[in-house]
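Reviewing the structure listed below.
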Protein chains: 4
Amino acid sequence: MARPLSEEKRHSLLASALTAVATSGIAASTLSIAKKAGVAEGTLFTYFPTKDDLLNQLYLELKSDLVSHLTAGLMSDTDIMVQFHHLWTRYIDWGMSSPHKHEALRQLEVSHKITGATEQATHAMSHELQILVERGFETGVLRKQPVMFLWGVIQGIAGLVLQTAAGDMRKARECEDLGWETLWGAIASHQT
Amino acid sequence: MARPLSEEKRHSLLASALTAVATSGIAASTLSIAKKAGVAEGTLFTYFPTKDDLLNQLYLELKSDLVSHLTAGLMSDTDIMVQFHHLWTRYIDWGMSSPHKHEALRQLEVSHKITGATEQATHAMSHELQILVERGFETGVLRKQPVMFLWGVIQGIAGLVLQTAAGDMRKARECEDLGWETLWGAIASHQT
Amino acid sequence: MARPLSEEKRHSLLASALTAVATSGIAASTLSIAKKAGVAEGTLFTYFPTKDDLLNQLYLELKSDLVSHLTAGLMSDTDIMVQFHHLWTRYIDWGMSSPHKHEALRQLEVSHKITGATEQATHAMSHELQILVERGFETGVLRKQPVMFLWGVIQGIAGLVLQTAAGDMRKARECEDLGWETLWGAIASHQT
Amino acid sequence: MARPLSEEKRHSLLASALTAVATSGIAASTLSIAKKAGVAEGTLFTYFPTKDDLLNQLYLELKSDLVSHLTAGLMSDTDIMVQFHHLWTRYIDWGMSSPHKHEALRQLEVSHKITGATEQATHAMSHELQILVERGFETGVLRKQPVMFLWGVIQGIAGLVLQTAAGDMRKARECEDLGWETLWGAIASHQT
DNA sequence: CATGAATGAGCCTTCATTCAT
DNA sequence: TATGAATGAAGGCTCATTCAT
C-alpha cells in the first residue's frame with residue numbers, strides 16, 4: 001500500500017549524483033544533488049540511507065553501464081584481436097558520448113568510499129569479459145597476466161585517450177587509433 | 001620582514017599535507033595538516049594564502065620530486081631502451097619507497113584544484129625527459145605520439161604496478177617485470 | 001467509518017511509547033515508537049494527532065495505572081497508618097515490577113509537554129486517595145498540608161527508594177523499610 | 001600568545017545554557033544558546049567540544065553553586081538540627097532567588113546525559129556536608145541511612161516546596177516552614 | 001611572524017507531519 | 001483506515017579563513 005518508491009526518482013537521483021560528482025567530486029553536497037534531481041533533500045535519504053551508500057550505488061551503476069556497453073555486440077567466436085578492438089572502440093565511444101560518466105567513475109575510484117562489497121559486486125558483472133581474456137591467454141595471443149592488471153591497462157589507456165581527445169576533438173579519431181596501437185602493444189604477446 | 005618565512009616550517013607543512021592528502025584526499029582539513037606539522041593553524045595561511053594554493057604547491061613539489069628521481073643517473077648517450085628501462089625502474093622505486101607521494105599525486109591529479117599555471121610549471125621541469133623522448137622518435141624506436149600521451153602511459157602503467165604490488169609485496173619483482181614488458185610494448189614501435 | 005480505530009493498536013502504541021520514553025526521554029522518535037508497536041508511522045498519527053498528544057495520553061495512562069494499583073485492596077475502615085503503609089508497599093511494588101513506567105512518568109513530569117488539562121484529568125482519578133488524606137487531617141494523624149504537597153512527598157521518597165534499590169537489588173527490602181520510616185516521619189504529625 | 005579563551009565568554013555560554021535548559025530542557029539548540037550568549041555558534045564549540053560536554057559542565061557548575069551556597073555561613077560547632085535548618089533555609093533561598101538554576105538542575109538530572117565521571121566530581125564537592133551528616137549519625141540525631149539517600153530526601157522536599165511556592169508566592173513562608181517540618185520529620189531519628 | 005580564538009556558512013542526517021495510494 | 005514515501009525545517013558539528021594578541 002502507500003506510495004511505492006519510484007524507480008524514476010531513484011534514477012533522477014543517481015543521474016543528478018552523476019553530474020554532481022563529475023563536476024565537484026565526492027564533495028558534492030546532498031542538497032545540490034537532491035535539488036538537481038527535483039526532489040527534497042530528505043527524499044534522497046529515503047532512497048539511499050547514507051551519502052556513502054549513494055556513492056557506492058552510483059559506482060555500481062556506472063561500472064555496470066560501462067560493462068554492458070562494452071559487451072554489447074561482442075561476437076565470441078571471432079578473432080580475439082578483433083574482439084579486443086571492438087571492446088576498445090566501444091570503450092572510447094562510451095567515454096566520448098558520456099564524458100560525465102567517465103569522470104565520475106574516476107572520482108569514485110580514487111575516493112576511498114567504495115567498499116569491498118561493492119568492488120566484489122562489480123567483478124560479478126564482467127563474466128563475459130573474463131572468458132574472453134582467458135581465451136586470450138590460452139591461445140597465446142595475450143601476454144599472461146592478472147586479469148585485474150589487464151583491465152587496468154585498458155582503463156588507463158582509454159582514460160588517457162579520452163582526456164587527450166577532450167582537449168582537441170578534431171584529433172579524436174587519430175587519438176583513438178594511437179590508443180589502440182598502444183593498447184594492443186601493451187597486452188599482446190608479440191610472438192611472431 | 002623582520003623574521004623571514006622559515007623554509008623549515010614550509011617543508012613541515014608540505015610534508016604534513018602530503019600524508020594528509022594521501023590518507024584523506026583533498027578533504028583533509030587545514031587544521032589536521034597544521035597540527036601534524038607542529039604549527040598553528042593560522043601559520044599555515046602565512047605560508048600558503050589559501051588551501052588550494054597549498055595543494056598546488058604540493059603538486060608541484062611532488063612532480064618535481066618524481067622527475068628528479070627519474071632523471072638521476074640517467075646516461076643520455078646509452079641505448080634508448082636502456083634509458084627507458086632505467087626510467088621505469090626508478091619510477092617503481094620511487095613509488096615503492098614512498099607510497100604516500102604516489103597516492104597524494106593521484107588525489108591531486110583528479111581533484112580539479114590544480115590550475116593551468118601549475119600544470120604549465122610542471123612541464124618546464126621535464127626538459128631532460130623531453131629530449132630523450134624526441135630522440136626516441138627520431139631514431140624510430142618509439143611510436144610517434146604526443147609527449148604528454150607517452151608520459152601518461154608511463155604514469156598509468158606505473159600506477160597500476162604500484163597498486164597491484166601493494167596488495168602482494170612478494171610479487172613485487174614479478175609485477176615490475178610485467179609492467180616493463182607492458183610499457184615497452186605500449187610505446188615502442190616494433191618495426192622488425 | 002467502515003473500520004473503527006482498533007483499541008489493540010492504540011495500546012500497542014502506548015506500550016511502545018512507554019518503553020521508548022523510559023529509554024530515550026521524550027526525544028524518542030515517532031518512527032521508533034511506531035515500529036516497535038508493529039505499525040506504520042502514519043498510523044500513529046491517526047490515533048494521536050500529535051506527538052505531544054501521544055505523550056499526554058501516555059501520562060494519563062501511567063497516572064491512572066499507578067493510582068489504580070495503589071488503591072487496589074485498600075480497606076477504608078482500617079487504621080490510617082496501616083492504610084498509608086499499604087499505599088507505600090503498593091507504590092514500591094508498582095515501581096519494582098515495572099521500572100519503565102516509573103521512569104517514563106518521571107520523564108513526562110519534567111518535560112513541559114503535559115498540558116494543564118491533562119494535569120486536571122489526573123486529579124479526578126485520585127478521589128479515593130483524597131478522602132483518605134482528609135481523614136488523616138481530621139483525625140490529626142497527618143500534619144495539615146496541601147494534598148498535592150503530601151502526594152509529592154510520597155512520590156519523591158518512593159522515587160528515591162526505587163532509584164537506590166535499582167543499583168543494589170539485594171538491599172531492596174531494607175531500602176523499602178527505610179523509605180517507609182522516612183515517609184511516615186515526613187508526613188505524620190508526631191503528637192505524642 | 002593569540003587571543004586567550006575568555007572566561008567571560010565561557011560564563012556567557014554557561015549562563016545562556018542555563019536559561020535555555022531551564023526553559024526548553026536539554027533539547028535547547030546550540031544555536032539558541034550561542035545566540036543568547038552573544039556569540040557565534042561555532043564559538044560554542046571552541047569552549048565545549050560537544051553539546052553533551054556543555055551540559056555536563058553546566059551540571060557541575062550548578063551543583064557547585066548550590067553546594068557553596070548551602071555551606072556558606074555554616075557553623076560546624078553548633079547544634080546539628082540548627083545546622084540542618086540553616087542548610088534548609090539556604091536551599092530554599094537559593095531556589096527562590098534563582099529558579100532557573102533549580103529547574104535546569106532538574107532537567108539535567110533526568111537527562112541521561114550526565115556521565116559517571118561528572119557525577120563523581122560532584123561528590124568531591126560536598127565534603128563538608130558529608131561530615132555534618134556523619135556527625136548526625138554518630139550522635140544519633142539522624143536516622144542511619146546512605147548519605148545519597150539523605151541528600152535525595154533534602155533535594156526532593158526542597159524541590160517540592162519550590163514548586164509549590166512558585167504557584168503562590170504569598171504562601172512562600174508558610175510553605176518553607178511546612179517543608180522544614182516535613183524534612184526534619186523525614187530524617188531525624190525521633191528518639192525521645 | 002606566530003598563534004589560536006572567532007566566525008558563520010555549509011554539511012549530513014533526523015524528524016514530525018502530510019498525503020497519495 | 002493503514003501505509004510509508006515525501007517534505008523541508010532544524011540539529012549538532014566542521015571548516016577555511018580572518019584577526020586580535
Side-chain angles (χ1 to χ4, degrees), chain A residues 1-6 9-10 26-35 38-54, chain B residues 1-6 9 26-35 38-55, chain C residues 1-6 9 27-35 38-55, chain D residues 1-6 9-10 26-35 38-55:
Chain A
M1 243 166 287
R3 202 176 331 179
L5 279 177
S6 115
K9 260 171 203 150
R10 204 188 114 92
I26 58 164
S29 79
T30 51
L31 177 58
S32 74
I33 293 172
K35 246 182 192 158
V39 144
E41 191 172 12
T43 302
L44 186 153
F45 289 92
T46 67
Y47 286 81
F48 306 94
T50 274
K51 186 186 180 184
D52 279 17
D53 198 80
L54 167 59
Chain B
M1 210 177 277
R3 214 179 325 175
L5 287 175
S6 118
K9 262 172 200 153
I26 59 166
S29 77
T30 51
L31 177 57
S32 73
I33 294 173
K35 244 182 196 159
V39 146
E41 192 173 11
T43 302
L44 186 154
F45 289 91
T46 70
Y47 285 81
F48 307 93
T50 276
K51 188 186 179 183
D52 280 17
D53 197 80
L54 167 59
L55 295 177
Chain C
M1 210 178 280
R3 211 178 330 173
L5 286 176
S6 117
K9 262 172 199 152
S29 78
T30 51
L31 176 59
S32 73
I33 293 172
K35 243 181 197 161
V39 146
E41 192 173 11
T43 303
L44 186 154
F45 289 92
T46 70
Y47 286 81
F48 307 93
T50 275
K51 187 185 179 183
D52 279 16
D53 198 78
L54 167 59
L55 295 177
Chain D
M1 244 166 285
R3 204 176 330 180
L5 279 176
S6 113
K9 260 171 201 149
R10 204 188 116 92
I26 59 164
S29 79
T30 52
L31 177 58
S32 74
I33 293 173
K35 247 182 191 158
V39 145
E41 189 173 14
T43 303
L44 187 153
F45 291 93
T46 67
Y47 285 81
F48 307 94
T50 274
K51 187 186 179 184
D52 279 17
D53 198 81
L54 167 59
L55 294 177

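Throughout, a chain's letter reflects where its sequence line sits, starting with A, and its residues are numbered from 1. What you see is a predicted model, and the numbers here were worked out from it, not measured in a lab. Side-chain atoms are counted along with the backbone in the values below, which use heavy atoms only and exclude waters and symmetry mates.
Checked by distance alone, D:Glu41 brings a side-chain donor or acceptor within 3.5 Å of a matching partner on the base of F:dC13.
Taking D:Ser32 as the reference, D:Ser29 meet the side-chain hydrogen bond (donor to acceptor under 3.5 Å, both in side chains) condition, with sequence neighbours excluded. A search for side-chain hydrogen bond (donor to acceptor under 3.5 Å, both in side chains) contacts involving C:Thr30 returns C:Glu41, not counting sequence neighbours. In this view, C:Asp53 satisfies the salt bridge (charged side-chain N to carboxylate O under 4.0 Å, His left out) rule with no residue, not counting sequence neighbours. Partners of D:Arg10 under the side chain to side chain contact (heavy atoms under 4.5 Å, CB included) rule, at least two apart in sequence or in another chain, are D:Glu7, D:Leu14, D:Tyr47, D:Phe48, D:Gln57.
Nearest nucleotide to the side chain of A:Arg3, out of E:dA5, F:dT18, F:dG4: F:dG4. Closest to the B:Ser29 side chain, of the nucleotides F:dT7, E:dT13, F:dC15, is F:dC15.
For residues 47-54 of chain A, proximity to DNA chain F is found at A:Tyr47, defined as any non-hydrogen atom under 4.0 angstrom from a strand atom.
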Checklist entry - According to the Watson-Crick and G-U wobble definition with distances under 3.5 Å, which dot-bracket string, read 5' to 3', encodes DNA chain F, using [ ] for crossing pairs and | for pairs with another strand? => result .||||||||||||||||||||
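Looking at heavy-atom distances under 4.0 Å, A:Ala28 makes contact with sugar-phosphate atoms alone, never a base.
Nearer to the 5' terminus of DNA chain E, by closest-nucleotide assignment, is the contact made by B:Gly42 (compared with the other of B:Gly42 and D:Ala40). Residues B:Thr30 and A:Ala2 both approach DNA chain F. Their nearest nucleotides, taken by heavy-atom distance, put A:Ala2 toward the 5′ side.
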